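Inspection log for the structure reproduced underneath, given as structure tokens.
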There are 2 protein chains.
Amino acid sequence: MKAEDPAREPGGGEVRLSRASAGRLSLYLRRLEGFRREGSKKISSGQLGEAVGVTDAQVRKDLAHLGSLGQPGIGYPTEGLIAAIRRALGIDRQWSVALVGVGNLARALLRYRGFQEQGFRIVALFDADPAKIGQRLEGLEVYAPARMAAVIAETGAELGLLTVPSESAQEVVDALVAARIKGVLNFAPTVLRVPAGVSLVSVDLAVQLEQLAFLVQLRGSD
Amino acid sequence: MKAEDPAREPGGGEVRLSRASAGRLSLYLRRLEGFRREGSKKISSGQLGEAVGVTDAQVRKDLAHLGSLGQPGIGYPTEGLIAAIRRALGIDRQWSVALVGVGNLARALLRYRGFQEQGFRIVALFDADPAKIGQRLEGLEVYAPARMAAVIAETGAELGLLTVPSESAQEVVDALVAARIKGVLNFAPTVLRVPAGVSLVSVDLAVQLEQLAFLVQLRGSD
DNA sequence: GGATGTGAACGACTTCACAGCG
DNA sequence: CGCTGTGAAGTCGTTCACATCC
């Protein structure tokens, strides 16, 4: 996990959110959608905190950034909170996404329901392998990297999913940047460079497994 | 991303590592292996920090936890650092891993080279779908969940990869815990409960995309 | 000179505790 | 009374700066 400077000038009267808080808001959102399905109209900071594993005070601090949505003695309105969190995270709209590198991971992401549910739509596929170019997956055609700029402009994709081997990751991210992509979610196990103005989030699966091994090993030392 | 309490009693004369630091050590390790391939015998905190995007002071603080490996005026020995980091993270040995939920993501993980390179070996597959039970993938047979305890004991798997739908995630994790698994890497977009004594790391792909959207949106407010 | 290791300053995030409102 | 919103206190992690050593 890695990203660019989150600090920003105030500008308009916008919501000010810390990075850590934004991560938890995603978790609250996921859980709130569950509560909504179960018919809960109101939810307290204690319940929500319990459900995602943080303290009630933490929940209140995080939610306070969204404005005064809670009612003392009552709690927060489930529906209102969901809307407010989506707005704060910038997912109160559709995001179009381009996917580069059509391997197994890409196929998994293409069929991953979670993305669509949160308003992310994969609208374009790219791969350098001539054998894959022209194939169709989930109704989308695989294009050659050379067509990246044109296709991205045409489809209006703003985000990129990077599921290529480490060796070509930097090269591809450069191409995406040149094609005016605004943010990249990288799965290649490398540290990538992006210019200021483009956002980057990396998920390194081996790092996650290593973290797990580390935690397990820690416990072993009893 | 989520995990259990990392705090622990001193006990033996073991290395004391913060969670954040452990995450960066993984990144250093990845990069150091690159430097080694390129033939670098020595590396300075400045070079390493530059390569992974943190300050030189941060690198030194992190590496200081591993003991005094650096030579003033010279830097750190590449090879020695790699060994020390692997030991600190608990990956100076093989870990056997069981994978539950044989979907697209599982297939991607099975073929992911990064795991093997870091000493993780997937040794058992499980899926509840009768159509998948008995199939072979990458030389491994898919077993029914009922055989979990027996197969895990037999193969000596200590870690579990969870790539099942959210609905069944808690149920499966309970089965893994019952089968004496020590840690779980969860990909289902849910908050899971595990008893103390079992470690949990969760990777929620939708959360990562939401983080990206949040960062992009932040920049938009210029 | 060049780079490490580390106390001290700093900053960010979390928890506490309580006033205030429904 | 229950639960929110929030200043104040506390904790944790990062950056600075420099003495120290090759």
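None of these values were measured; they are calculated from a predicted model. By convention in this document, chain letters (A, B, ...) are assigned in the order of the sequence lines, proteins followed by strands, and residues within each chain are numbered from 1. All heavy atoms count here, side chains included; hydrogens, waters and symmetry mates do not.
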D:dT14 phosphate, OP1 or OP2, under 4.0 Å from B:Q58 side-chain N/O: yes

B:P72 side chain, from C-beta outward: closest of D:dT15, D:dC21, C:dG20: D:dC21

Write down the distance between CG (B:D56) and P (D:dC18), rounded to a whole number of angstrom. 15 Å

Separation of atom CG in A:L66 from atom C1' in D:dT6, rounded to whole Å: 15 Å

Nearest whole angstrom, please: distance from the P of C:dG2 to the CD1 of B:I43. 17 Å

Between B:S45 and C:dA3, does any side-chain N or O lie under 4.0 Å from OP1 or OP2? no

May I ask you to decide whether A:R30 forms a salt bridge with A:E117, counting only side-chain N to carboxylate O separations under 4.0 Å? no

Please give, in whole Å, the distance from D:dC22 P to B:Q71 CD? 9 Å

Nearest-angstrom distance from the residue atom NE2 of B:H65 to P of C:dG5: 12 Å

Answer yes when A:E50 and A:R31 have at least one side-chain N-carboxylate O distance shorter than 4.0 Å, and no when they do not. no

Distance col, row B:I82:CD1 vs B:F35:CZ, nearest 0.5 angstrom, shows 10.5 Å

So, does the side chain of A:K61 form a donor-acceptor pair with the base of C:dT15 at under 3.5 Å? yes

What is the distance from CD of A:Q47 to P of D:dG2, rounded to the nearest Å? 14 Å

Roughly how far, to the nearest 0.5 Å, is CZ of B:R60 from OG of B:S44? 9.5 Å

Mind checking if A:L69 touches a base, just sugar-phosphate, or nothing, with heavy atoms under 4.0 Å? sugar-phosphate

With rounding to the nearest 0.5 angstrom, report the CG to CG distance, B:L185 to A:L215. 11.0 Å

May I ask you to say what A:S68 touches in the nucleic acid, namely base, sugar-phosphate or nothing, with a heavy-atom cut-off under 4.0 Å? sugar-phosphate

Short side-chain N/O contact to D:dC22 OP1/OP2 from B:Y76, under 4.0 Å: no

Measure CZ/A:R24 against P/C:dT15 and give the value in whole Å, please. 8 Å

So does B:R60 get a side-chain nitrogen or oxygen closer than 4.0 Å to the phosphate oxygens (OP1/OP2) of D:dT14? no

